[in-house]
Amino acid sequence: MRRLVRVLVVLSVLACAGHAHAQDRPRVGVLKLTASAPIFVGVEKGFFKEFGVEPELVYFQAAAPISTAVAAGQIDVGATGLTAATYNIVLGGEKMWIVADKGREWPDHRLTAIVVQKDLYEAGVRRVTDLKGKRIGITQLGSTFHYQIGNILEKEGMSLRDVSIVPLQAMAAALEALRGRQIDAVILPQPFPGRAEADGFGRIIAWGGDLFPWQIATVFYSRKFAADRVRAVNFMKGYVKSSRHYYDAVLSGTQGAAYDEVVAVTARYTAAPEAVIKLGLPYQDRSGRLWVEDIARQMTWWQRHGFIKATIPLKDVVDTSFVEAAVKAIGD
Amino acid sequence: MTRIPVINRAAFLTRPEHRGLRVIALVSLLVAWEALARTGRVPVLFLPSPLGVLAEGWEMLRSGELLGHLASSLQRLVLGFALGAAAGVVVGVTVGFFAAAEAVGTPVLAATFPVPKIALLPLLILWLGLGEPSKVAVIALGVFFPMAINTFTGVRQADPLLVRAAVAFGARRWSVIRKVILPSALPMIFAGLRLGAGTALLLLVAAEMIAVESGIGFLILHAGNLMQTTKLMVGIVVLSILGVLSHWSLGRLERLAIPWRVST
Amino acid sequence: MRVVVERVSKVYGDRAGHAVRALDGIDLAVDTEEFVAVLGPSGCGKSTLLNLIAGLLTPTEGAIWLDGELPPGRAATAMVFQEFALFPWRTVQANVEFGLEEMGLTRDARARRARRYLDMTGLAGFETKYPHELSGGMRQRVGIARALAVEPPVLLMDEPFSALDAQTRQLMQEELLGIWERTRQTIVYVTHNIHEAVYMADRVVVLSRRPGRVLAEVKVELPRPRAEAMLGEPAFVHAVERIWSLIRDQAVQALRE
């Protein structure tokens with residue numbers, strides 16, 4: 001019995017020690033997708049370490065749980081898509097801060113596409129307006145894809161009521177449903193549209209970024225992490241540097257050695273083939289600055305469609321001071 | 001001569017009903033929960049207060065949203081339950097009464113019974129499409145197995161004396177099944193119905209995860225996706241109420257259908 | 001209707017697969033309107049014999065005949081069971097009507113017939129009760145009413161009062177005799193109780209231990225209608241003693257098994 005007690009005491013001390021050690025490394029929640037490339041590159045090339053911060057990457061399967069984890073304080077930083085859940089969490093009383101850009105749907109940057117079932121395409125469904133009355137697959141209601149398809153429809157003079165939105169929970173499931181002709185179209189990010197065309201069962205009719213640009217993904221800070229000002233700004237310095245490196249390597253037009261390196265690093269972190277990585281590298285602001293007005297617009301849209309109860313004043317959910325402080329410190 | 005009083009040594013074995021205690025316990029739990037939520041020590045987003053859930057529920061009832069979800073779910077539930085139960089009774093009686101059917105049926109039942117019906121949902125969607133049929137089918141399957149197995153057991157347990165008496169009074173095969181076997185099996189059949197009801201609710205929530213636009217399971221999942229935790233709790237409460245109601249109504253139905261105690 | 005049992009043997013396989021000879025070469029004839037008791041120690045096959053006569057078992061050797069006029073659609077025999085065998089999900093009246101349903105009578109005809117025999121067996125007022133609400137004696141009354149309702153020429157009774165207490169049994173015996181005076185079927189009455197056999201029957205057929213053979217047939221020289229006072233008469237006592245002496249050794253051996 002006494003030996004048991006001794007063992008338990010040693011174990012708990014070790015556990016505490018381990019926990020204490022973890023406090024020095026901010027936990028960063030990301031998806032194992034191409035879209036997280038800037039962060040992978042930053043970690044790999046030591047941009048965060050330079051400023052005394054070493055991110056511990058925590059992988060998730062979907063965007064919404066990352067927001068929940070940030071709100072619960074289980075992770076310090078989230079870097080993923082903005083969903084209705086994000087706003088509901090803040091409305092529910094759990095503060096967190098949207099602090100930097102991590103991806104935008106942007107013209108000429110092919111990230112998310114509307115893919116139509118091949119037979120329907122050949123029967124004449126070629127434009128968004130032809131989607132009237134059709135069944136469109138998405139992952140979940142309240143997701144970024146939901147927002148995107150809703151706004152694209154409205155831009156073309158239609159509404160969500162003109163189509164049937166079919167939630168299929170997972171991206172792969174949505175693709176399979178298209179292949180099996182159980183739905184008429186899907187809206188999915190690369191590499192899924194590319195795969196649909198390559199396998200011959202789908203045809204891309206529009207790219208989201210061309211039709212409706214928006215601030216799709218951001219970096220968030222938990223309330224606790226944001227309160228530790230010095231550490232939070234240091235992290236942001238690392239992020240801004242990573243963002244600039246990514247922008248210069250991938251988005252500035254020339255695809256040289258730096259580009260290949262980014263692709264290689266991302267391929268390693270996501271275990272996806274390089275060809276697939278190259279298809280889905282997103283656009284973001286060079287210094288990671290937020291498109292703040294778009295966030296307000298998002299809230300208005302979600303509220304109008306009944307997915308959130310009220311909009312939040314921007315000052316209560318967005319904090320651009322971290323990016324500005326970081327940019328000021330490291331210069332241009 | 002000394003007088004020794006005889007005392008009841010078995011007194012500790014009596015089980016008082018404690019009816020008052022039940023109610024008090026439940027109410028205290030709710031009160032404690034509400035108090036905890038109000039102190040702010042547990043974030044309301046993570047654990048909505050009972051009054052908050054009540055208020056949200058009332059709002060959803062008033063706007064018709066709740067009734068809409070209930071109607072969709074009940075439709076799937078009732079249809080799936082009826083189909084599964086009917087098929088289960090027929091198969092159970094057939095396998096129980098006919099030796100050849102038993103030889104063929106019991107291995108098949110034993111082999112397919114352990115498969116979790118939730119796992120079959122993707123397959124059913126492939127076969128029956130994304131619409132209502134696949135959802136009704138998975139519920140029906142979940143109800144079918146306890147019904148078939150319980151009916152079979154009930155049939156096998158039919159008192160042979162009663163079967164003999166029926167034959168002695170001129171009953172042939174179908175009369176025996178209708179007039180002796182089935183009434184004998186009713187208690188087991190009702191036990192199967194209760195099991196099936198629980199399974200049906202479980203499968204309903206699973207089935208409403210994919211490609212539906214309304215339903216209680218859908219409400220729970222959808223509210224979860226949106227982090228509308230109060231609505232989520234409303235969904236859970238409604239689901240619990242459904243569970244309790246189905247259990248209670250099956251109990252009443254059983255008392256109506258089986259007015260006798262099972263004794264020869 | 002006469003019942004003729006001709007050189008009947010019954011062999012069946014027990015759980016271990018051995019052949020068990022329950023009855024061996026039984027010859028028995030029961031005359032029309034005769035009340036015959038079949039008596040013997042445990043395991044003598046008397047219930048088996050009754051089931052054979054009822055057509056619920058097939059003889060291994062020999063044959064069984066029923067001699068007499070039988071209208072089409074009518075059953076020749078009806079049985080009353082030791083454990084009552086009432087259908088617990090049916091009311092008293094519905095139980096009595098069971099055999100009539102199989103005969104194809106209309107609902108009204110069934111109800112009328114049932115009510116007649118319910119009255120005859122003292123069950124008036126109990127029509128809507130369920131078996132579990134009745135005492136043992138009342139339940140067997142229902143069993144008797146059910147059998148009588150099909151108006152069988154031959155009534156088969158398998159230790160009908162064994163499950164009842166002694167007082168109820170005595171009263172039910174007298175009641176049955178009273179009913180029989182009116183309905184006058186041929187009765188084959190199985191019992192293990194010598195006093196009961198002698199009190200009820202015209203003739204007692206005594207069977208041996210397994211394999212059951214006819215040891216003797218004892219005629220009961222008592223007038224009808226039987227009365228309780230006859231229990232002390234010499235003819236009664238003599239018959240009982242005679243039967244007991246026949247089966248005493250058998251009973252002792254059965255006890256040892």
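Cation-pi check for Arg184(C) over Trp180(C) is met; the charged atom lies under 6.0 angstrom from the ring centroid and within 45 degrees of its normal.
Counting all heavy atoms, side chain and backbone alike, Gln140(C) lies closest to Val80(C) at OE1-CG1, 3.5 Å.
The part of Arg90(C) that comes within reach of chain B is its side chain, from C-beta onward, which places non-hydrogen atoms under 4.5 angstrom from that chain. Heavy-atom distances place both the backbone and the side chain of Ala166(B) under 4.5 Å from chain C.
For chain C, the option among Arg164(B), Lys179(B), Arg172(B) with the highest count of heavy-atom pairs below 4.5 Å is Lys179(B). Heavy-atom pairs under 4.5 Å with chain C were tallied for Ala168(B), Pro183(B), Ala165(B); the largest tally goes to Pro183(B).
Comment: Glu132(B) engages Arg76(B) in a salt bridge, judged by a side-chain N to carboxylate O separation of less than 4.0 angstrom. A salt bridge between Arg113(C) and Glu151(C) is present, with a side-chain N of the basic residue lying under 4.0 Å from a carboxylate O of the acidic one.
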